[in-house]
Amino acid sequence: MAFQIKSYEEYKEVYARSVAEPEAFWDDIAANFYWRKKWNKTLQWNFKQPDVKWFINGKLNITENCIDRHLALLGDQPAIIWEPNSKDEPHKVITYNELHLQVTRFAQVLRNNGIQKGDRICIYMGMIPELAVAMLACARIGAIHSVIFGGFSANSIADRLQDAQAAHIITCDGAYRGAKDIPLKNIIDDALVSCPFVKKVIVYQRTHTPVSMIKGRDEWWHDELQKVDDETAGTTPAQEMDAEDPLFILYTSGSTGKPKGVVHSSAGYMVYATYSFVNVFQYQPGEIHFCTADIGWITGHSYIVYGVLCAGGTSLMYEGIPTFPDAGRLWDIVEKHKVNILYTAPTAIRSLMAYGTPPIAGKDLSSLRVLGTVGEPINEEAWHWYDEHIGKKRCPIVDTWFQTENGGILISNMAGVTPAKPSYATLPLPGIQPALMDEQGNEITGNSVSGNLCIKFPWPSILRTTYGDHERCRLNYFATYHNMYFTGDGCYRDENGFYRITGRVDDVLNVSGHRIGTAEVENAINMQEGVLESAVVGYHHDIKGQGIYAYVILEKEPEDAPLMQACILQTVNRIIGPIARPDKIQFVKGLPKTRSGKIMRRILRKIAEGDMANIGDTSTLLDPAVVEDIKTGKI
Ligand code: WTA
């Protein structure tokens with residue numbers, strides 16, 4: 001694509017221009033997309049409210065950029081290659097022509113079911129191509145999708161449905177995930193007990209698990225497709241969207257107990273997701289890009305679906321997990337489909353490292369050109385293993401830092417173009433102006449310094465609001481530092497100005513690359529009968545990056561402590577989902593609190609890490625003796 005940066009020198013020039021004249025810079029990038037009507041003002045912003053708008057009065061539909069505009073030249077090229085969970089099931093190849101047909105037909109299904117522009121639709125499906133089709137069909141008609149990861153419980157789904165007032169759901173009977181079948185429709189049915197406003201549930205049949213189908217509410221995907229007239233579907237125009245019309249909501253955890261619905265716009269998101277995809281991975285036409293993330297997270301939205309398809313790329317998606325049926329699964333897929341770009345998470349690399357090199361032996365990985373990581377800091381050992389055993393020291397590794405709220409990668413090296421440095425995300429992309437801040441709100445300038453990572457200037461895919469609660473968006477991201485977007489991450493800038501993300505500085509955990517709020521887990525634990533209070537902290541975990549350590553005060557001494565622990569786990573499973581289950585639960589008599597009642601998590605973190613020598617001053621505690629008790633009982 002025209003905006004692909006080809007050298008380090010060029011990067012420096014482009015970056016300088018993006019800061020000096022951001023509007024002209026993004027005007028040029030946005031000109032590479034298909035617009036029904038061009039924008040007449042590039043940017044309007046203030047971070048106070050916040051109010052950010054890009055490409056004002058531009059009209060477009062993202063699916064015309066993802067699909068229609070490629071048909072003439074790339075119609076027969078694979079848009080999506082899908083590898084199922086089981087090696088015995090054949091893979092699928094969906095060309096751009098076929099994707100067009102599937103998306104327009106399913107868009108018609110949505111219209112037939114009364115869904116209109118602006119309606120919120122929850123998508124809770126496994127990793128099958130129909131998930132991408134469902135998202136694109138929503139975007140086609142201007143409905144706002146909210147994809148929910150399959151690891152969330154019925155209760156979490158209900159919270160999200162209520163928050164978004166989503167009256168329509170697209171799901172599957174079940175999903176395959178490694179050795180497990182996940183009963184998605186049953187989980188939805190449990191969620192719907194508290195969501196009477198839901199009008200329609202469209203169910204794709206994947207696992208043939210028995211499911212209850214409620215007359216008038218639940219419809220089979222395949223039956224609905226039967227009612228579509230191909231001719232009409234193919235010629236029904238895509239909904240014209242304003243640049244600032246919301247494209248999707250994606251829920252993510254913050255430091256409070258309630259997940260927030262991050263809202264992304266149509267045009268800005270499209271431009272930035274595509275721009276970052278093409279530049280970070282240095283995507284070349286015809287290449288196969290394999291991102292192992294789940295589409296339920298932002299990485300999947302941007303780098304399996306929207307960014308890749310907008311760039312006319314081929315996106316490989318797979319249904320399984322890296323260790324099923326064995327730890328060679330990813331390498332088999334790379335070999336079978338001659339994958340060029342592999343994009344995965346440090347936690348996956350670490351879990352595969354634990355199996356050593358036998359699962360790689362004899363696998364032809366020579367098609368690989370670029371490797372990527374995302375989601376959490378990558379430790380040097382994992383970086384070198386990836387480089388040596390997977391990239392065979394000839395593939396650049398891009399360490400890509402971003403967040404759900406960012407829409408696309410903000411800090412990363414560009415494969416083979418800008419320098420890599422193990423465990424460093426390195427340099428900001430053009431248009432991204434990072435700042436390190438101290439606790440007093442001053443910017444820390446110069447190099448070899450650490451601080452809280454903020455971004456000074458808007459980029460096109462910055463979140464626009466948190467659904468239904470704009471004040472929350474302001475408080476979370478724009479109120480901590482004057483005129484800055486605050487990321488919640490700590491960061492070090494080295495002597496050359498390269499950035500290294502050091503992890504969250506707020507009460508958010510990153511477990512296997514999944515963001516989980518400690519307050520959310522505490523709320524869930526506290527719902528268990530017999531629990532008085534709890535405090536949750538993260539601790540170093542060799543594979544997951546962070547593990548969840550829960551300190552729990554019970555109303556009375558448990559008769560059967562292991563049973564009580566198991567009950568707490570069940571409750572967390574039920575309230576949030578399996579991804580939030582604590583790894584360790586320690587029953588304690590009291591928690592270290594200040595005189596004003598604030599829990600001193602710093603102390604709990606040290607104890608969880610086993611770092612007893614550095615607990616620090618406990619004299620300000622209401623009752624310093626609790627610390628000794630907790631230390632002795634550490635598990
Ligand atoms: C962390 C995931 C270090 C970070 C795309 C951020 C990273 C949070 C990296 C966002 C990276 C993501 N190096 N840390 N390359 N990428 N993170 O919203 O703490 O699920 O704030 O988006 O993941 O998680 P989220």
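In what follows, every heavy atom counts, from backbone to side chain, and hydrogens, waters and symmetry copies are set aside. Atoms within each ligand, like the ligands themselves, are counted from 1 in listed order.
A cation-pi arrangement is absent between R493 and F498, since the terminal nitrogen or guanidinium carbon is not both under 6.0 Å from the aromatic centre and inside a 45° cone about the axis.
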### Task
Would you check, one step at a time, whether the test salt bridge (Lys or Arg N to Asp or Glu O under 4.0 Å) holds for D51 with K53?
CA-CA 7 Å; D51 170 36; K53 293 189 175 72; 3.0 Å; yes

### Message
As a quick check of understanding, evaluate side-chain hydrogen bond (donor to acceptor under 3.5 Å, both in side chains) for Y343 and T400, giving each step before the final call.
### Response
CA-CA 10 Å; Y343 189 28; T400 67; 2.6 Å; yes

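Just one residue in the list I148, V147, I169, I170 forms a side chain to side chain contact (heavy atoms under 4.5 Å, CB included) with M125, and that residue is I170.
Within 6.0 Å of the NZ atom in K12, the count of heavy atoms belonging to other residues, nucleotides or ligands exceeds 12.
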Ligand 1: which protein N/O atoms lie under 3.5 Å from its N/O atoms?
{"unit_1": "ligand 1", "atom_1": "13 (N)", "unit_2": "E376", "atom_2": "O", "d": "3.4"}
{"unit_1": "ligand 1", "atom_1": "14 (N)", "unit_2": "P377", "atom_2": "N", "d": "3.4"}
{"unit_1": "ligand 1", "atom_1": "15 (N)", "unit_2": "D399", "atom_2": "OD1", "d": "2.8"}
{"unit_1": "ligand 1", "atom_1": "15 (N)", "unit_2": "T400", "atom_2": "O", "d": "2.7"}
{"unit_1": "ligand 1", "atom_1": "16 (N)", "unit_2": "G375", "atom_2": "N", "d": "3.1"}
{"unit_1": "ligand 1", "atom_1": "17 (N)", "unit_2": "G375", "atom_2": "O", "d": "3.3"}
{"unit_1": "ligand 1", "atom_1": "18 (O)", "unit_2": "T404", "atom_2": "N", "d": "2.8"}
{"unit_1": "ligand 1", "atom_1": "18 (O)", "unit_2": "T404", "atom_2": "OG1", "d": "2.5"}
{"unit_1": "ligand 1", "atom_1": "18 (O)", "unit_2": "R515", "atom_2": "NH1", "d": "2.7"}
{"unit_1": "ligand 1", "atom_1": "19 (O)", "unit_2": "D489", "atom_2": "OD1", "d": "2.7"}
{"unit_1": "ligand 1", "atom_1": "19 (O)", "unit_2": "D489", "atom_2": "OD2", "d": "3.3"}
{"unit_1": "ligand 1", "atom_1": "21 (O)", "unit_2": "Q403", "atom_2": "NE2", "d": "2.9"}
{"unit_1": "ligand 1", "atom_1": "21 (O)", "unit_2": "D489", "atom_2": "OD1", "d": "3.3"}
{"unit_1": "ligand 1", "atom_1": "21 (O)", "unit_2": "D489", "atom_2": "OD2", "d": "2.6"}
{"unit_1": "ligand 1", "atom_1": "21 (O)", "unit_2": "R504", "atom_2": "NH1", "d": "2.8"}
{"unit_1": "ligand 1", "atom_1": "23 (O)", "unit_2": "G375", "atom_2": "O", "d": "3.2"}
{"unit_1": "ligand 1", "atom_1": "23 (O)", "unit_2": "N510", "atom_2": "ND2", "d": "3.4"}

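Between Y272 and W26, the ring centre distance stays below 6.0 Å.
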